[in-house]
Amino acid sequence: MATRNWILHLDLDQFIAAVELLRHPELRGRPVVVGGTGDPTQPRTVAATATYEAREHGVHSGMPLRTALRRCPDAVFLPSDPPAYEAASERVMAVLREFPVLVEIWGWDEAFLGATTDDPETLAADLQHAVRTRTRLDCSIGIGDNKHQAKLASALAKPAGVRRLTTANWAETMNHRPTDALWGIGARISKRLAALGYHTVAQLAAADPAELARHFGPTNGPWYRYLALGKGEAEVVTTPWIARGHSRETTFPQDLTDRADLARHLTALAGHVTQDAVDAGREITRVSVKVRTTPFLTRTRQSKLPAPTTDPALVTRTALDILDRHDLTHPVRLIGVAVEYTMPKE
DNA sequence: TCTGGGGTCCTAGGACCC
DNA sequence: TCTGGGGTCCTAGGACCC
């Protein structure tokens, strides 16, 4: 009778590229870059992903397609196709749900699993085999005592491997690594930590929580030390996530300077966002307008609505009023609308 | 490398009220 | 008349993640 609980993190390897290669098997082994409409000459479009063959030429996700084309002229460029990824993701998640585990989905290509077993490695191998057989997709699986450990373990397990990272081997695995190896500490915080003398996970784990709180706030500061100690959330939540809000934004191929043009785009975005809310059965409580000007300066302005609404005219009017509170004296490269939803009680 | 789109959570300052 | 302290709401921005 198994009594030990584990958190597993399943991460599909090169998910978007893998789905595209299933549809285009003739491209296997070639450098492939996915992003935008698939036109690498389009400015202000970035790669969603790049295959290993493209990465060998220095191409990576987030890189402008035009740069990718320069670095790898032989690459095949494919358009991004979110509905196809959504469908592939659902097939994978359906396989996971057939196992005696709790499943918490985290986006298209990730899931946390809660399992009770004495042999998590065998469970992980069985999961990989089932996903591979049923969807022809590879995944890596991390095994941990909590989500943080499992998440880092799955990254260490790539490609297509299984890795265990628990409290028992946390220190030997993580202590020497830089602080941004932790899930939740990025480049900015890592740099600020380094300025305080905390370069490694071990150093951060030994830090004074009060000092961290002074520099990073009462919640974040002590939390960074917790991460360094290998702690983290250990509850797998199977109930569907309820979105806090929703947004749509557009980056223009060329800057816009005419307010009427901006108002037209903003009106369309506000209409979309409101329709999305209606489709999701949600009400809007707050409207926010984002404007990004050259040189890449991003500002947001927001208003709380007097009452929750699903009226596109009201949301649009509010967005246009907010637009007038923005400084529009510089050319605009992006405009966006974000809304917050009322949260259901309980 | 001239830098997407869609999310979540936290912080800090000011307004306002008691 | 001046000032205190605390609580809550609103807004703008920052950081992180996929």
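These figures come from a predicted structure and were not determined experimentally. All chains are named by letter (A, B, ...) in the order of the sequence lines, taking the proteins before the strands, and each is independently numbered beginning at 1.
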Open item on the list: I'd like to know if the side chain of T285(A) reaches the main chain of E340(A), judged simply by a donor and an acceptor atom lying under 3.5 Å from each other, with no hydrogens or angles considered.
Closed with: yes

Open item on the list: Can you measure R71(A) atom CZ to dC2(B) atom C1' for me and round it to whole angstrom units?
Closed with: 13 Å

TODO: Would you please name every residue forming a salt bridge (Lys or Arg N to Asp or Glu O under 4.0 Å) with R259(A), sequence neighbours left out?
DONE: D324(A)

- [ ] Please check the phosphate of dT1(B) (OP1 and OP2 only) for any side-chain N or O of R70(A) closer than 4.0 Å.
- [x] no

If you restrict it to nitrogen or oxygen atoms, what contacts under 3.5 Å exist between nucleotides 6-9 of chain B and the protein, and what is each distance?
{"unit_1": "dG6(B)", "atom_1": "OP2", "unit_2": "E249(A)", "atom_2": "N", "d": "2.6"}
{"unit_1": "dG7(B)", "atom_1": "OP1", "unit_2": "H246(A)", "atom_2": "ND1", "d": "2.2"}
{"unit_1": "dG7(B)", "atom_1": "OP2", "unit_2": "H246(A)", "atom_2": "ND1", "d": "3.4"}
{"unit_1": "dG7(B)", "atom_1": "OP2", "unit_2": "S247(A)", "atom_2": "N", "d": "2.6"}
{"unit_1": "dG7(B)", "atom_1": "OP2", "unit_2": "S247(A)", "atom_2": "O", "d": "3.4"}
{"unit_1": "dG7(B)", "atom_1": "OP2", "unit_2": "S247(A)", "atom_2": "OG", "d": "3.2"}
{"unit_1": "dT8(B)", "atom_1": "OP1", "unit_2": "W241(A)", "atom_2": "NE1", "d": "3.4"}
{"unit_1": "dT8(B)", "atom_1": "OP1", "unit_2": "R244(A)", "atom_2": "N", "d": "2.7"}
{"unit_1": "dT8(B)", "atom_1": "OP2", "unit_2": "G245(A)", "atom_2": "N", "d": "3.4"}
{"unit_1": "dC9(B)", "atom_1": "OP2", "unit_2": "R244(A)", "atom_2": "NE", "d": "3.3"}

Task: Pair T37(A), D39(A): side-chain N/O donor-acceptor within cut-off below 3.5 Å - done: no

Task: Salt-bridge criterion met for R23(A) and E20(A) (N-O under 4.0 Å) - done: yes

TODO: If a pair satisfies ring-ring contact (aromatic ring centres under 6.0 Å, His included) and one of its residues is in residues 120-169 of chain A, list it, with sequence neighbours excluded.
DONE: H148(A)-W170(A)

Open item on the list: According to side chain to side chain contact (heavy atoms under 4.5 Å, CB included), who are the partners of A48(A), at least two apart in sequence or on a separate chain?
Closed with: I16(A)

Open item on the list: Check this for me: does any side-chain nitrogen of one of R164(A) and E121(A) sit under 4.0 Å from a carboxylate oxygen of the other?
Closed with: yes

Can I get a per-line list of side-chain donor-acceptor pairs under 3.5 Å for residues 185-194 of chain A, giving both atom names and the distance, sequence neighbours left out?
{"unit_1": "S190(A)", "atom_1": "OG", "unit_2": "T179(A)", "atom_2": "OG1", "d": "2.9"}
{"unit_1": "R192(A)", "atom_1": "NH2", "unit_2": "H215(A)", "atom_2": "O", "d": "3.0"}

Task: Residue P64(A), side-chain atoms from C-beta onward, closest of dC10(B), dT3(B), dG5(B) - done: dT3(B)

Task: side chain to side chain contact (heavy atoms under 4.5 Å, CB included) partner of L113(A), the single match among I7(A), L102(A), L127(A), L123(A) - done: L127(A)

TODO: Enumerate the residue pairs fulfilling salt bridge (Lys or Arg N to Asp or Glu O under 4.0 Å) with a member in residues 51-79 of chain A, sequence neighbours excluded, ordered by first and then second residue.
DONE: none

Task: Residues forming a side chain to side chain contact (heavy atoms under 4.5 Å, CB included) with E104(A), sequence neighbours excluded - done: W106(A), F112(A), K147(A), V236(A), V237(A)

Open item on the list: On DNA chain B, compare the nucleotides closest to N220(A) and G62(A); which residue's is nearer the 5' end?
Closed with: G62(A)

Task: Integer angstrom distance from the C1' of dG4(C) to that of dC16(B) - done: 16 Å

Open item on the list: Filter on ring-ring contact (aromatic ring centres under 6.0 Å, His included), then keep only pairs touching residues 185-204 of chain A, sequence neighbours left out; what's left?
Closed with: none

Task: DNA chain C: stems of at least 3 consecutive Watson-Crick or G-U pairs whose donor-acceptor distances fall under 3.5 Å - done: B:5-18 with C:5-18

Task: First encountered from the 5' end of DNA chain B, between R292(A) and G217(A) - done: R292(A)

- [ ] For nucleotides 11-18 of chain C, just jot down a letter per nucleotide in 5' to 3' order: B, S or -, based on protein non-hydrogen atoms under 4.0 Å.
- [x] BBS-SSSS

- [ ] Residues of residues 31-50 of chain A with any non-hydrogen atom less than 4.0 angstrom from an atom of DNA chain B: list those, numerically ordered, please.
- [x] R44(A), V46(A)

Open item on the list: I need the full list of salt bridge (Lys or Arg N to Asp or Glu O under 4.0 Å) pairs touching residues 89-103 of chain A, with sequence neighbours left out, sorted by first then second residue.
Closed with: E98(A)-R134(A)

Open item on the list: Quick check on dT3(B): is either OP1 or OP2 less than 4.0 Å from any side-chain nitrogen or oxygen of T251(A)?
Closed with: no

Open item on the list: Under a 4.0 Å threshold between the charged nitrogen and the carboxylate oxygen, would E110(A) count as salt-bridged to K151(A)?
Closed with: yes

Task: Spacing of the C1' atoms in dC2(B) and dC18(C) (rounded, Å) - done: 23 Å

TODO: State whether R333(A) places a side-chain N or O below 4.0 Å from either non-bridging phosphate oxygen (OP1 or OP2) of dC2(B).
DONE: no

